[in-house]
Amino acid sequence: MRIAIIDTSTTRAAIISDGLREAGLTDLVIIDHAAGLATQIERAAPEVVLINLENPSRDMLEDFFAMSRALARPIAMFVDQSDAESTSAAVDAGVSAYVVDGLAKQRIKPVLDLAIRRFQAFSRLQAELTEARTALADRQAIDRAKAILMKRKGLDEPAAYALLRNHAMRSNRRIAEIAEAIVTSEALMGDML
Amino acid sequence: MSNTVMRIGFLPLVDAALPILAHELGFAEDEGLGLELVRDITWAAVRDRLMYGQTDAAHMVAPLAIATALGCDRPAVPLAVPFVLGLNGNAFTVSTVLADALMLDNSLGDPFEIGARLKLEAARRVAIGKPLRFGVVHRYSSHNYMLRYWLAGVGIQPDRDVEITVTSPPFAADALACGDVDGICVGEPWNSIAVDRGVGRIMLATAQIWRRGVEKVLAVRLDSSNADTDAIERLVRALHRAAAHFVEPRNAEANAAILSRSEYLDAPSDTILRATTDRIRLTKGADAIHYPDFMFQHREAANFPWRSQAMWLYSQMARWRHAEASEAGFAGAAKVFRPDIYRSALAGTDAILPGASAKVEGANSVPRGASSQTGRLILGEDQFFDRVQFDPDRAMDYLEHQRTKPMI
């Protein structure tokens, strides 16, 4: 079964195609997002198209499929509505699937389920990455704030950190927020302090 | 009054204003309704979220709501349109190169005159093997049908003499900029953004093609277990109040500031303000010109879902073979629009409630009174640019005439 993957994120496309390959679905075509989408799909002639829900080409893709049908060529349409539950899960995960008309439901189901799991895995990766970035930024702000307090107030490092922590607890804010405020005010009015 | 939360899908467009304002200004809250607005960038995504219950209602191009409800390209999902979010507000914007070829000046020209020049240019481009390409926002969009109606009316066959492709609104200006298309038909602020970027020039307003053309609608699902008629009626009332607020000139600046925020349109508020106050800058650096009723949101019971408007759209879907040409199709399209819900939601308010549910579209060359259950209803000029009228009782004749009349 030939599957086309359209994704603006190459990382996500790779994650999905790896998963499909592991499941023994090796006839894969990864399609570049914008350039000549219709021509590329026509050439690939896939039975299933997997596309990110947020992909700006989706409206174009539907137009292309509708026109193909009018020309009585291989037809594509949205995943079988009768299985609303898994389609809904797909939309939830951010994946849309278009399948060739007449493709048996039991053949598309495992592909869709796998795509859903892979999309979720990608979102988890994204979330972890964002979290790691935030943690790093927080760490840097706290270090810089400590340095400022040590210099301005003649404190040692544990005392500077304790000051930050106490202030955060009293004002019910995160330590990193307090640290950022200190770094910002130092940048703005360092000379006046 | 119970407190219900409704999720509403929308695209970043000026005519998403009413649900946004209903939320921001507390009109929904007054109805005991919490709104969550869910932004997407393609109509396909807005539709899918509505179909699979991630949203309870959506800002949607009217023909897409009809196509989805009738199952034109997929299994049908019962949708209802109890409220029209606005009429018109779109424009045709062409690349600066095409604008020069068409000798456009700083005015919204006559659709026939521009059409005649466009016909010559289209033929020239076919001759050199590079047909003109126009971008519309979805296959089932009013933009597609308004463009096709105008082209056919000036003797250009849309499926033969030019190419029509699809590009979602936030990417329309980019498509012009990189030469993917020669023109776009899109809603605001995306025409004005193309103008301000210097990549396009506004050629015509869709209001010049059909003076009172139905544009975005509120679409809701009626079959889902969470379809709550009471909540839908409360939403209709909140939108009605938002519409009255929206059209008050003194609120224009504050409204534009809200719409411009990053979670909504994420666009400059002065660009939005031009569209909402009918002042359109046609070309970069020029003064904005005033075109009355460029977008039309509330007066003359503009939010009332006339069944005849749904039927006119269906006539165009059938004309271009995007839908079946049949009496049953027309009847099905008419049923998607729900004047009954509009009336029951707004009974006992100050809203004007038209007595009829359908009218002859394009029949008023001057404002005319119409029957109403409450309030005084005056319907303004509503003609099509070719002065042809659409009588919903003779829909098949109208379609037959459009399909068979010789092209100019």
Side-chain angles (χ1 to χ4, degrees), chain A residues 6-8 32-39 41-42 49-72 75-103 105 112 116 119, chain B residues 9 11-12 38-55 61 64 67-68 71-78 133 135-141 143-144 159 163-172 174-175 178 180-181 186 221 223-225 317 320-324:
Chain A
I6 305 173
D7 210 318
T8 38
D32 259 354
H33 47 290
L37 186 70
T39 331
I41 292 177
E42 208 158 4
V49 175
L50 292 175
I51 183 169
N52 173 8
L53 187 72
E54 261 97 47
N55 192 301
S57 303
R58 283 194 62 215
D59 289 335
M60 191 196 293
L61 193 67
E62 294 197 355
D63 185 48
F64 168 69
F65 287 152
M67 281 194 298
S68 308
R69 180 151 56 172
L71 296 171
I75 301 160
M77 56 181 290
F78 198 72
V79 119
D80 193 340
Q81 202 100 335
S82 58
D83 190 7
E85 204 171 299
S86 71
T87 310
S88 175
V91 172
D92 215 14
V95 56
S96 296
Y98 294 83
V99 310
V100 170
D101 197 15
L103 186 64
K105 213 165 98 184
L112 193 59
I116 293 168
F119 260 69
Chain B
L11 283 203
V38 181
R39 183 170 70 170
D40 271 302
I41 55 170
T42 63
W43 288 116
V46 170
R47 178 208 53 211
D48 288 352
R49 284 196 211 278
L50 180 64
M51 278 169 50
Y52 299 110
Q54 288 190 0
T55 53
V61 267
L64 181 58
T68 306
C72 290
D73 60 342
R74 62 179 62 219
V77 176
R133 294 185 86 196
V136 297
V137 300
H138 192 275
R139 176 179 179 81
Y140 297 109
S141 65
H143 313 65
N144 194 5
D159 290 318
E163 288 176 8
I164 297 177
T165 177
V166 170
T167 166
S168 80
F171 299 90
D174 292 337
C178 71
D180 245 8
V181 293
V186 67
R221 258 188 88 156
D223 69 328
S224 59
S225 51
M317 291 163 65
W320 305 112
R321 302 182 196 282
H322 296 172
E324 189 196 346

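A note on names: the letters A, B, ... follow the listed sequences, proteins ahead of strands, and every chain is numbered from 1.
Chosen from B/Asp180, B/Thr42, B/Val137, B/Thr165, the residue pairing most often with chain A at heavy-atom distances under 4.5 Å is B/Thr42.
The CZ atom of B/Arg321 lies 15.5 Å from the CE atom of A/Met67; values are rounded to the nearest 0.5 Å.
For the pair A/Leu53/B/Arg49, a side-chain contact is recorded, criterion being any heavy-atom separation below 4.5 Å from C-beta on. A heavy-atom distance below 4.5 Å is not found between the side chains of B/Thr167 and A/Met60.
Taking each heavy atom of A/Val91 and B/Gln54 in turn, the nearest pair found is C-NE2, 3.3 Å. Here the closest heavy-atom approach between residue A/Ser88 and residue B/Tyr52 is recorded as OG-O, 3.5 Å. In plain terms, the two heavy atoms of B/Ala44 and A/Glu62 that are nearest each other are CB-OE2, 3.5 Å.
The backbone N or O of B/Val166 sits nowhere less than 3.5 Å from a side-chain atom of A/Asp59 that would complete a donor-acceptor pair.
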